[in-house]
Peer 1: 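Below: one structure in structure tokens.
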Amino acid sequence: MTRSFVRTLVFTSALVLAGVGTAQAEPHPAIQAAIQQIDQALFILQHRAAHDFGGHRVVAIRQLQHARQQLILAERVDVR
């Protein structure tokens, strides 16, 4: 595994562990689907993209990681 993949895995695990609280949000199907698609895009960009594309690949990875984090937070707020 590459370092960036391991960092992403550790970061994601920390977010999940930090979500332990009194109220549990139900998984929202649309948000879960979006997170899965982001995970697929991140995997492709981190492991299959052959070029740096002038630094734009790295920026896209960061923005996808941020979007994933925002979706997790949004789902956490959606307590029913």
Side-chain angles (χ1 to χ4, degrees):
M1 284 192 264
T2 65
R3 286 185 184 180
S4 60
F5 179 73
V6 172
R7 271 189 251 135
T8 302
L9 186 60
V10 169
F11 178 72
T12 303
S13 299
L15 285 176
V16 171
L17 290 175
V20 176
T22 56
Q24 292 293 324
E26 293 181 26
H28 191 279
I31 291 178
Q32 287 298 307
I35 289 171
Q36 289 177 353
Q37 290 176 351
I38 288 172
D39 287 342
Q40 290 173 355
L42 281 168
F43 181 83
I44 291 168
L45 289 172
Q46 291 172 332
H47 302 288
R48 295 193 179 148
H51 302 288
D52 183 37
F53 300 100
H56 295 289
R57 183 181 64 88
V58 173
V59 173
I61 289 170
R62 284 189 200 134
Q63 290 176 345
L64 285 167
Q65 289 169 334
H66 181 73
R68 187 181 195 288
Q69 178 185 5
Q70 291 301 308
L71 288 170
I72 291 169
L73 294 173
E75 193 170 50
R76 216 181 280 162
V77 171
D78 186 30
V79 178
R80 296 175 203 170

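Numbering of residues begins at 1 and proceeds along the displayed sequence. Every value quoted in this text rests on a predicted model; they were computed, and no experiment measured them.
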Peer 1: Given Arg76 and Leu73, is the side chain to side chain contact (heavy atoms under 4.5 Å, CB included) satisfied, shown in steps?
Peer 2: CA-CA 5 Å; Arg76 216 181 280 162; Leu73 294 173; 3.6 Å; yes
Peer 1: Enter the distance from Gln70:CD to Ile31:CD1 here, rounded to the nearest 0.5 Å.
Peer 2: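 Interatomic distance, Gln70 CD to Ile31 CD1, rounded to 0.5 Å: 11.0 Å.
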Peer 1: Supply the atom-to-atom distance Leu64 CG to Leu42 CG, rounded to the nearest 0.5 angstrom.
Peer 2: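 Reported to 0.5 Å precision, the distance equals 5.0 Å.
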Peer 1: Only pairs at least two apart or in different chains count here, so list each salt bridge (charged side-chain N to carboxylate O under 4.0 Å, His left out) that has a residue in residues 28-37.
Peer 2: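 Non-adjacent pairs meeting salt bridge (charged side-chain N to carboxylate O under 4.0 Å, His left out): zero.
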Peer 1: Taking side chain to side chain contact (heavy atoms under 4.5 Å, CB included) as the test, write out the residues that go with Ala49, two or more places apart.
Peer 2: Phe53, Arg57
Peer 1: CD/Gln63 to NE2/His56 distance, rounded to the nearest 0.5 angstrom?
Peer 2: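 Separation between the atoms: 11.0 Å.
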Peer 1: According to salt bridge (charged side-chain N to carboxylate O under 4.0 Å, His left out), does anything in residues 38-55 pair up with another residue at least two apart or in another chain? List the pairs.
Peer 2: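 Sorted pair list: Asp39-Arg68.
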